[in-house]
Structure formats: structure tokens, C-alpha cells
Peer 1: 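Below you will find the structure I want to go over with you.
Heavy-atom basis, side chains included; hydrogens, waters and symmetry copies ignored. Labels below follow one simple rule: chain letters A, B, ... track the order of the sequence lines, proteins then strands, and each chain is numbered from 1.
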Number of protein chains: 2
Amino acid sequence: MPRTSKIAENPPFAVEQALKRLGDNIRTARLRRKLRLEDVAERMGISRFTLSDVEKGKPTTAVAAYLGALWALGLLDQLEEVADPDRDEEGKILERSRAPRVARTRKALDNDF
Amino acid sequence: MPRTSKIAENPPFAVEQALKRLGDNIRTARLRRKLRLEDVAERMGISRFTLSDVEKGKPTTAVAAYLGALWALGLLDQLEEVADPDRDEEGKILERSRAPRVARTRKALDNDF
DNA sequence: CTTATATGTTGCATTAAAGAAACATGCCAA
DNA sequence: TTGGCATGTTTCTTTAATGCAACATATAAG
């Protein structure tokens with residue numbers, strides 16, 4: 001992503017760590033399955049170089065490459081709970097403490113399909 | 001990411017859905033906290049436009065923008081378990097079923113620091 | 001040792017991601 | 001209705017992410 005954003009160029013430690021762990025986990029999962037970079041990359045429709053970037057936790061790589069790797073390894077469902085509103089206790093409390101409504105409500109909160 | 005990869009241009013259904021849900025969850029968390037796009041974007045060091053892309057689940061946006069949004073909202077720790085090798089039952093089984101080692105083992109599996 | 005294979009590295013061309021400014025739209029409240 | 005504010009949209013410029021080829025390195029096996 002040209003005009004590299006600050007967060008991608010120099011991410012907070014926590015983000016950098018999370019990315020490295022995620023990439024390393026993806027690598028571990030791939031090796032356990034005895035797959036080459038090229039095997040997984042081909043399934044995803046990307047090059048082995050970009051998949052290697054994913055496994056290194058490169059911050060500027062497209063999010064679809066990361067999720068695609070999880071998908072190709074059968075690990076995508078583990079992402080379902082991340083930022084799940086039902087588990088966002090702090091958010092729920094904040095929402096209740098304010099009176100009725102919050103900010104812009106959007107048409108129907110985009111429940112696509 | 002120019003030379004747009006297939007997975008970012010036309011992601012598998014599951015990936016597209018996961019991205020939309022993740023973006024929507026981030027949006028919900030932000031609204032619950034009564035924060036504007038600009039507020040969160042400023043904390044992250046990106047523009048409100050890119051954060052808006054995140055909330056839309058844009059596949060080509062840098063992964064750091066997504067994780068940064070989770071970080072800025074205090075939701076990053078929920079990512080720890082994703083692709084955690086300890087929870088990768090299929091991978092563990094595969095690893096045990098093959099005899100000793102798998103593919104290239106890397107110097108020390110990159111346990112940096 | 002040698003060979004085979006997987007991955008890392010370098011350099012280049014392509015092209016779209018990110019930022020910004022200006023304007024449009026939509027929502028809420030008084 | 002009106003005004004104010006958050007967000008969406010358009011257009012443009014900048015510049016780095018992606019893919020690829022060629023070569024280097026590392027690991028495992030014979």
C-alpha cells in the first residue's frame with residue numbers, strides 16, 4: 001500500500017507482535033500439513049513470495065493474503081469470534097451506560113445476505 | 001497492493017464473508033465507544049478513509065490497518081488464539097502420523113527474542 | 001561428498017493503495 | 001424546517017506491494 005500508512009510502516013509493538021505470531025502460526029500449520037509455499041500459494045492464487053511475506057508477518061501485505069492463507073489451511077473459522085460484538089463486554093457496557101442511541105445508525109447495520 | 005493478487009481481487013466466499021464480518025464488528029465496537037472514524041484513525045496514524053475501508057472489509061487493505069483498528073479499540077488480544085498451533089488438532093495429528101520431521105525446519109523456527 | 005528440493009534474495013515493471021482536498025449525502029436535534 | 005456533524009464520494013498524486021525471473025542458500029537424503 002503505497003503512501004505507506006504510519007501503522008504499517010512502524011506499527012505499535014502489540015500489532016507487530018500479533019502479526020509475527022499470526023504469520024508464524026500459519027507457517028507452523030503449513031509445515032505440519034507438509035505443504036510447500038508454492039502449494040498453498042497456488043490454492044490461494046498468489047505467488048509464493050507474498051505467502052512468504054505473510055509468514056513473516058509483513059504489516060503492509062493485504063489482509064486478504066492473511067485470511068486466504070488461513071482459509072487454504074482450514075483455519076479461517078477461528079477468526080469468527082474476533083471482535084465479536086457479543087463478546088465485547090466493554091462495548092456493551094458503554095452502550096448501555098449512554099442513554100438510548102449512539103451515533104449514526106446506518107440503514108440496517110449491513111446484515112448482508 | 002498493485003498487481004492485485006487474485007485472492008484480493010476476487011476472494012473466496014468464505015474469505016470475503018470473514019472480512020465483512022470483521023469489518024462490521026470493528027465498526028460496531030467503534031460506535032459503541034462513541035468514537036468517530038477520525039478519532040480512531042488518528043490514534044492509528046492513518047486516514048479516516050482507510051479506516052472506512054477496514055470497516056467495509058476491503059480485501060486489498062494492509063493487514064496492519066485491520067490489526068491496528070483492533071488495537072485502537074482494545075480488541076487485539078482476541079487474535080491471539082487464531083491459528084494457534086496448540087489448537088490446530090488436524091495439524092497435530094498430521095505431524096504425529098508422519099514419522100519424524102516434516103519439511104525445512106528453519107534455523108530455530110524464528111522464535112524471535 | 002553430491003544431488004534434489006524448498007526457500008531466501010535481488011532487481012525490475014506494473015499498477016493500485018493511501019492520503020488529501022472538495023463536495024455530496026445522511027442523520028439527528030432544536 | 002434548519003443547522004451541524006459524521007460519513008460517503010470523487011479526483012488526483014505519490015509510491016510501494018505484487019509478481020516474476022534468476023540466482024543464492026539451506027536442508028535432507030543417497
Peer 1: Calculate the interatomic distance between B:L51 atom CG and C:dA17 atom P; express it in whole Å.
Peer 2: 17 Å

Peer 1: Please determine whether a side-chain nitrogen or oxygen atom of A:S52 lies at a distance below 4.0 Å from atom OP1 or OP2 of C:dG8.
Peer 2: yes

Peer 1: Determine: side-chain N/O of A:S5 to OP1/OP2 of C:dA17, distance under 4.0 Å, yes or no.
Peer 2: no

Peer 1: Check A:E55 with A:R30, please: is the shortest side-chain N to carboxylate O separation under 4.0 Å?
Peer 2: yes

Peer 1: Rounded to whole angstroms, how far apart are CG on A:D53 and P on D:dT18?
Peer 2: 6 Å

Peer 1: Rounded to whole angstroms, how far apart are NZ on A:K6 and C1' on C:dG19?
Peer 2: 14 Å

Peer 1: On DNA chain C, check which nucleotide each of A:F49 and B:S47 is closest to and give me the residue with the more 5' one.
Peer 2: A:F49

Peer 1: When you get a sec, tell me which of C:dT7, D:dA6, D:dG8 is the closest nucleotide to the side chain of B:R36?
Peer 2: D:dA6

Peer 1: Who passes side chain to side chain contact (heavy atoms under 4.5 Å, CB included) against B:D39, sequence neighbours left out?
Peer 2: B:L35, B:R36

Peer 1: Given 3.5 Å as the limit, does a donor-acceptor pair link the side chain of A:Q78 with the main chain of B:A83, or not?
Peer 2: yes

Peer 1: Tell me: CD1 of B:I46 to C1' of C:dA17, nearest whole Å?
Peer 2: 12 Å

Peer 1: What integer distance in Å separates A:E9:CD from D:dA16:C1'?
Peer 2: 10 Å

Peer 1: Are A:T60 and D:dA17 close enough that a side-chain N or O sits under 4.0 Å from OP1 or OP2?
Peer 2: yes

Peer 1: Could you check whether the side chain of B:R48 and the base of D:dG8 have a donor-acceptor pair of N or O atoms closer than 3.5 Å, going by distance alone?
Peer 2: yes

Peer 1: What's the NZ-P distance between B:K34 and D:dC5, to the nearest Å?
Peer 2: 14 Å

Peer 1: Using a 3.5 Å distance criterion without hydrogens, assess whether the side chain of A:R48 forms a donor-acceptor pair with backbone atoms of A:L37.
Peer 2: no

Peer 1: Calculate the interatomic distance between B:L37 atom CG and C:dA18 atom P; express it in whole Å.
Peer 2: 15 Å

Peer 1: Reckon B:K56 has a side-chain N or O less than 4.0 Å from the OP1 or OP2 of D:dT9?
Peer 2: yes

Peer 1: Output every pair passing salt bridge (Lys or Arg N to Asp or Glu O under 4.0 Å) with a member in residues 58-74 of chain B, not counting sequence neighbours, ordered by first then second residue.
Peer 2: B:D53-B:K58

Peer 1: Expressed as a whole number of angstroms, how long is the span from B:K58:NZ to D:dT9:P?
Peer 2: 12 Å

Peer 1: OP1 or OP2 of D:dA17 versus the side-chain N and O atoms of B:T4: is any pair under 4.0 Å?
Peer 2: no

Peer 1: Do any side-chain nitrogens or oxygens of B:R27 fall under 4.0 Å of OP1 or OP2 in D:dA6?
Peer 2: no

